[in-house]
Amino acid sequence: MSVGHQAAIGLGSNLGDSEATLKDALSKLDFIPGIHVAARSHLYQTAPIGPPQPDYLNACAILSTSLAPETLLHTLLNIEKQFGRVRRERWGARTLDIDLLLYDNLTLTLPQLQIPHPRMADRAFVLIPLAEIAPNWIEPVSGKTIATLAQQVDRSGVQQLA
Ligand code: X6L
Ligand code: MG
Ligand code: MG
């Protein structure tokens with residue numbers, strides 16, 4: 001397998017100590033062989049999309065990785081489990097969600113993994129943090145940069161934390 005891939009991930013939490021969870025999850029990721037956290041966004045407090053539930057904290061990160069997309073996905077899901085993620089109702093509250101958003105300029109459709117993340121291009125809670133750290137990355141389905149996509153979403157309900 002080749003080395004030196006770039007992946008973008010989105011993190012979200014709205015149960016428990018979300019700030020600690022997001023920071024700890026990123027440091028756990030950085031400790032994993034084959035993953036380096038190259039950049040991380042600020043944390044954002046965001047209004048929930050989906051069923052009524054508490055506000056989220058969201059963030060994004062850029063990973064340098066030697067892991068293939070499927071291997072990286074399994075690593076991310078394993079970290080979710082380590083933070084006590086329990087899948088109950090669809091789109092319900094969670095201690096930690098980590099989504100694989102982009103992987104190089106790849107488009108990939110597998111039963112359990114679609115890259116780019118199919119709903120990232122219209123989600124302010126993904127695009128606004130991601131635009132901080134990867135404004136010039138081209139989302140390969142739309143052909144638009146993250147900065148352009150971020151400019152096109154409604155920023156209300158997305159507040160950067162200090
Ligand atoms: C129609 C149907 C329109 C479904 C939108 C949008 C479904 C987003 C799921 C949708 C639809 C989602 C987060 C969240 C969730 C998060 C914030 C999801 C999955 N995750 N809200 N809601 N942050 N603020 O990380 O993204 S549930
Ligand atoms: Mg998600
Ligand atoms: Mg997810």
Side-chain angles (χ1 to χ4, degrees), residues 6-29 32 35 37 39-63 65 67-103 106-134 137 139-142 144 146 149-162:
Q6 295 265 104
I9 61 169
L11 304 98
S13 169
N14 68 347
L15 284 180
D17 185 343
S18 294
E19 181 171 345
T21 295
L22 296 188
K23 290 177 174 170
D24 291 353
L26 284 167
S27 51
K28 272 190 196 273
L29 273 171
I32 292 171
I35 296 179
V37 177
R40 59 188 72 193
S41 74
H42 284 84
L43 304 185
Y44 290 77
Q45 184 171 342
T46 67
I49 308 293
Q53 56 188 303
D55 279 1
Y56 279 82
L57 289 191
N58 283 111
C60 286
I62 305 302
L63 310 180
T65 186
L67 304 184
E70 301 90 326
T71 313
L72 180 58
L73 177 68
H74 287 120
T75 303
L76 301 177
L77 295 176
N78 185 48
I79 294 199
E80 288 183 351
K81 286 210 186 81
Q82 290 178 41
F83 283 88
R85 170 97 184 245
V86 179
R87 290 177 183 269
R88 294 194 186 89
E89 71 169 320
R90 193 176 190 204
W91 304 334
R94 68 288 298 270
T95 51
L96 179 63
D97 177 47
I98 312 180
D99 291 331
L100 180 50
L101 303 171
L102 297 167
Y103 187 99
L106 185 71
T107 61
L108 179 69
T109 301
L110 298 172
Q112 301 302 329
L113 174 61
Q114 193 174 338
I115 301 173
H117 192 283
R119 294 169 299 274
M120 68 174 286
D122 57 16
R123 288 191 191 173
F125 66 77
V126 171
L127 292 170
I128 292 169
L130 190 57
E132 268 191 65
I133 53 176
W137 197 329
E139 193 279 316
V141 171
S142 65
K144 295 177 180 178
I146 298 302
L149 292 170
Q151 283 161 12
Q152 294 173 351
V153 295
D154 179 1
R155 309 179 79 90
S156 68
V158 177
Q159 183 182 339
Q160 189 190 299
L161 302 183

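Positions are given from 1, in the same order as the sequence printed here. Both ligands and their constituent atoms are indexed starting at 1 by order of listing. Scope of the values below: all heavy atoms of this structure, side chains included, with no hydrogens, waters or symmetry mates.
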Checklist outcome for this item: CG (L102) and CD1 (I146) are apart, to the nearest 0.5 Å, by 5.0 Å
Checklist entry - Does the protein put a heavy atom less than 4.0 Å from atom 17 (C) of ligand 1? => result yes
Item to check | Pairwise distance CZ(R155) to CG(L127) - rounded to 0.5 angstrom | outcome: 9.5 Å
Checklist entry - Is it true that G50 lies under 4.0 Å from ligand 1, counting heavy atoms only? => result no
Checklist outcome for this item: shortest atom 14 (C) of ligand 1-to-protein heavy-atom contact is with Y56 CE1, 3.4 Å
Next on the checklist: Can you tell me how far apart OG1 (T21) and CZ (R85) are? Round to the nearest 0.5 Å.
Outcome noted: 12.5 Å
Item to check | Heavy-atom closest contact (M120 atom, V126 atom, distance) | outcome: CB-CG1, 4.1 Å
Checklist entry - Can you find a protein heavy atom closer to atom 1 (C) of ligand 1 than 4.0 Å? => result no
Item to check | For the Mg ion (ligand 2), every protein N/O/S atom that sits closer than 2.8 Å, waters excluded | outcome: D97 OD2, D99 OD2
Next on the checklist: Heavy atoms only, cut-off 4.0 Å: how does F125 contact ligand 1, side chain, backbone, both, or neither?
Outcome noted: side chain
Next on the checklist: What protein heavy atom lies closest to atom 4 (C) of ligand 1? Include the residue and the distance to one decimal.
Outcome noted: W91 CH2, 3.4 Å
Checklist entry - Q53: heavy atom below 4.0 Å from ligand 1, yes or no? => result no
Checklist outcome for this item: Looking only at heavy atoms, the pair that brings G12 and N58 closest together is CA-ND2, 3.3 Å
Item to check | Identity and distance of the protein heavy atom lying nearest atom 12 (C) of ligand 1 | outcome: R123 NH2, 3.2 Å
Checklist entry - Of T107, L106, L101, L100, which is the lone residue that meets side-chain contact (heavy atoms from CB on, under 4.5 Å) with P116? => result T107
Checklist entry - Under the side-chain contact (heavy atoms from CB on, under 4.5 Å) criterion, do L29 and I9 qualify, and how do the steps go? => result CA-CA 11 Å; L29 273 171; I9 61 169; 3.6 Å; yes
Item to check | Closest contact, heavy atoms only, Y56 versus W91 | outcome: OH-O, 4.5 Å
Checklist outcome for this item: Counting heavy atoms under 4.0 Å, the part of R119 that contacts ligand 1 is neither
Next on the checklist: Quick check on R119: does its CZ atom have over 12 non-hydrogen neighbours (other residues, nucleotides or ligands) under 6.0 Å away?
Outcome noted: yes
Checklist entry - So do L130 and L149 actually touch side chain to side chain, heavy atoms under 4.5 Å? => result no
Item to check | N14, N58, L11, V126: member with heavy atom nearest to atom 25 (O) of ligand 1 | outcome: N58
Checklist entry - Does the side chain of N14 reach to within under 4.5 Å of the side chain of R94, using non-hydrogen atoms? => result yes
Checklist entry - Looking only at non-hydrogen atoms, which of V158, L57, I49 approaches atom 6 (C) of ligand 1 most closely? => result I49
Next on the checklist: Under 4.0 Å, counting heavy atoms only: does R94 come that close to any atom of ligand 1?
Outcome noted: yes
Checklist outcome for this item: By side-chain hydrogen bond (donor to acceptor under 3.5 Å, both in side chains), E70 pairs with (sequence neighbours left out) none
